[in-house]
Structure formats: structure tokens, C-alpha cells
Amino acid sequence: MLYTSTRNKTLRVEASEAITRGISEDGGLFVPVEIPKLSMQDIQDMIPMSYIERAKKVLSLYLTDFTPEEIDYCVSGAYAEGKFDSDKVAPLVTLDEKAEVLELFRGPTCAFKDMALQLLPYLLTTASKKAAPDKQIVILVATSGDTGKAALEGFKDVPGTRILVFYPRDGVSPMQKLQMVTQEGANVGVCAIEGNFDDAQSGVKKIFTDKAVGAKLAENGLMFSSANSINWGRLVPQIVYYCSAYADMLEKGNLQPGEAMDIVVPTGNFGNILAAYYAKLMGVPVGKLICASNANNVLTDFLTTGTYDRNRTFFTTMSPSMDILISSNLERLLFHLSGEDDAAVRDWMGKLAETGVYTVSDEVFAQIKENFDAGCADDATVSGVIRKTYEEDGYLSDTHTGVAITVYRDYIAKHGDETPTVIAATASPYKFSKSVLAAVLGETPDLDEFDMAGALQEKTGVKIPAPLSNLKDKTVRFTTTCPVDGMEQQVYDMLGI
């Protein structure tokens, strides 16, 4: 299995190099040259397997320069007993007669990013021994909330690595911020920026691809890699849980072999739903991929019109991990749908950088319409759905999953689609206690973050996850804020070079 760049399809690298480098030198993203296939028998064979066994089966198809022993080491370490508070790792929980919630937040930071970021440090350290044996890896991360903490937790004190995280000062929840600024570990650094997530992401990509910065790191025995979903090593573990979900749907009797399931994903950077698309390309019977957005509905507009336009008002919402106007992983989808037309991808990404707008071809848009549907919802609507879902279905969701449930309900009302559906649940409701408690009560109590969490637990009976309740007594370690144009210097300062 070889990988190429979305902006230079003549490039060929192995998985270990793609994971170590994170992003191609041309600014493109690494994608597999061919998509491996799973037969229906392969998927049925997964039914009695543990999540670890399922992950090894899927990952071995993509990471062909990793030995079976290396894959076993990586997967067994990532999903070892005790790391996730469910034996299933990513369990299905029934929402209604047609929909199951795929709970992806049972890991140590209570967000779906753990599904990949518990595995990535194992993949990256194993890969770097092959691709860059003499370098210390510097993980550079931009986060809209959850990736930062999950990456920090995954990479803390991992030998041969440093990890630096930038987050928007006013663009994360209090609980998300507290998780990051109290992070333990000798190899970690955290800094807020004066801007939004798109500013942080653009700043990180600029630093990443600046040859002068790369040269300065190389002089000090360092090289960059990424824990954002631009890194294939972040994306490939996410494919696993959609394959696993289909096996679980078969086991529960919600599907017959070969019958399609729809998938609803709340998404901002397009990585989570793209993983579901890769599962579909592999042979998992997936009907519609339904993209759920909040008020920052750039993806909804793109998937329904074929024009991507980031020139719009940016909203700070109660689902901050989706407060994104530049969806990086869309580039991978466009590469595949265009027939690997790297020139077209370069043109579209160039227009996005220069003008903020591009329109795909009619042929590409036709494929988008065939595979995807999309919807969006504002905070007030989502709050009502969170409350109604709790009262009528007995399910307490976080704000991002609330967006997905809202869009799912709208999709059913519009299309009457009876296809069994999996809804990706991306975070614990306690990461957003204020918004969820206000939704459930219909009012916002004058309480601090931890008292709100306690009130939510008392009201619903849903237990506060230990990783969040334990934050109350942790010491704040990181207090620095920098302007966007100061990020490069901040990287040098955090690295001490």
C-alpha cells in the first residue's frame, strides 16, 4: 500500500513516511493510492471479534510496511483494558427504532479524538524509526477544543516526541480549556491565540510548510509531524470504528448482511465523516453520509451547491469543535471524486487561499450528491432537541451530538428515509455542562463549571466521567496567549531553540 499527495499524484511514499511527515512538502495531504476492500464475509467475520482484533484487521490493509507484530503492539497499547470505559471501546446505544448512537467518547479525554489519538503515538513512534530514525518528532497541533487535549494526553512523556498545541482563546469551552492548560507531561506545551480555530489551523499549516522553519528544526535534530486529521495516522483509525459499527449493527439484528446503513456525523474539519466515506469505498454498505453542521454551515452549503465559500460571518457557538470555516479534509474527498485530478485540487485550494471561494465541476458535484446529504442547526434549535431527546428517548447528548440528532430528525422528516442509521456521538455531555444543563432545564443557573456538572448529574443520573471530575484540583500550567503572527516565535520558545 503506497500513498500519494492530493497535490502531486506522481509522489509515492509508504505508510510510515506519510504518518511521520504528516503533510506533503507540496502542501497536499497523503491519501492511499488504492483503497483496500472488505468483503461481506470479512465484515461478518468481525462480529465475534474484540475491537482490538477488528482494528488490527482493518489497519493491516493500510499499513503494509508495518509488521503484524508492530500493528499488534500499536493497537493493543492504544485500546488496552482500562483506557476506555466500555469493553466495546466504541459501543452502539439505541436512540430509537431506526437509529443507534455510536459512542466515540469513552476514552481518557471524553471525546471521539481519543479513538485515533490513543493510537497515533504508537503509530508515529513506530513509523519514525523507519522513516526518520535520527530525529525527535515535534507534534504541532491546532485545536478547536477536543483534538488538543486528546493529543496532549496521547503524547505526554512519549520518548522521542514533543507536542505543542495552539487553541483559540475564546473558542473552546471552559472544560476543554481546563483540560489543556492543566496538562501534565515534561514534553508538552500549550498556547492560546488571539483568533479563531481557522486562524490557528492556518498558522500551523504555514509553520509546517515553511522551509526556513523546517531547516531550523533540523539543525536542532527535530522535525515536525501532525496530530491533526491532516495526518493519515489520525484518519485511518477512524475508518475502523465505522467498519466495527456495521459489524455491531449486524450483531444487534438491526441489519441483514449487505443491507445499507446511513451515517450521520457532526463535523467541522470533515475528517470524521471522511473516514466513513473511506469505509464505504472499502465495501461497508453505507447509504447516505449525512453531514451535520452548526451555524457555521459552510459544509452544508458546499454539499448542497458545489460552491465552497468561507467568506461569511464566523459564529461562536455552543458546539465549538465545529466552529470551523476551512475544512481541511475536504481536499482528500475532492482528490478521489475528481479521479485523482491533482491539478484541479491545486486550483481549488489555490482559489480557497486567495479568494476564499471555489466551485467544483458538475461531475464532482454529481458524485457529492450521490453520496452525501447535509443539514445545519442553530444553538436554539439544538438546545430544544437535546432536551426533547433526553425527555422522550432517555438519551443525554452533548452539544455536537445534539447537532447530529437535530439534522438526523430533519433528514427523516424531509425524505422519509427508513434506512437504519448510525449517529456519531463525539463528546461527553459533561465537556459542555453549561450548555447541556441549560438545554435540559430550560434556563442557565448561576453556577461555576463544576457545580453545573454536579447539577447535571443530579438532574439526569448520568455520571460525570472521572477524567473531567478530577480536573477540579489540577494546577494550571500554561497561561500564555500570543497573536497569530507570533505563533512561529512561540514554537521556538516552547522548544527552547
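Numbering starts at 1 and runs along the sequence shown. Every value quoted in this text rests on a predicted model; they were computed, and no experiment measured them.
- Within 6.0 Å of CD in Glu443 there are more than 12 heavy atoms belonging to other residues, nucleotides or ligands.
- A side-chain donor from one of Asp417 and Tyr411 sits under 3.5 Å from a side-chain acceptor of the other.
- Checked by atom type, the side-chain pair Gln176/Ser321 shows a donor-acceptor distance below 3.5 Å.
- Asn297 and Arg312 are linked by a side-chain donor-acceptor pair at a separation below 3.5 angstrom, with hydrogens and angles left out of the test.
- Taking all atoms of both residues into account, the shortest heavy-atom contact from Leu456 to Pro429 is CD2-O, 4.5 Å.
- A side-chain donor-acceptor contact under 3.5 Å links Lys113 and Thr147.
- At a cut-off of 3.5 Å, with distance as the only test, a side-chain donor of Asp323 or Asn294 sits close to an acceptor on the other residue.
- For the residue pair Arg234/Asn231, the side-chain donor-acceptor check at 3.5 Å is not satisfied.
- In Lys252, the NZ atom is crowded: over 12 heavy atoms of neighbouring residues, nucleotides or ligands sit closer than 6.0 Å.
- Between the side chains of Asp45 and Gln41, at least one donor N or O lies within less than 3.5 Å of an accepting N or O.
- In this structure, Asn311 places its CG atom where more than 12 heavy-atom neighbours from other residues, nucleotides or ligands lie under 6.0 Å away.
- Listed here is the closest heavy atom pair of Leu471 and Gln179: CD1-CG, 3.4 Å.
- Here the side chains of Leu468 and Ser428 are in contact, with some heavy-atom distance below 4.5 Å.
- When Trp232, Phe30, Tyr62 are each tested for a ring-ring contact (aromatic ring centres under 6.0 Å, His included) with Tyr3, only one passes: Trp232.
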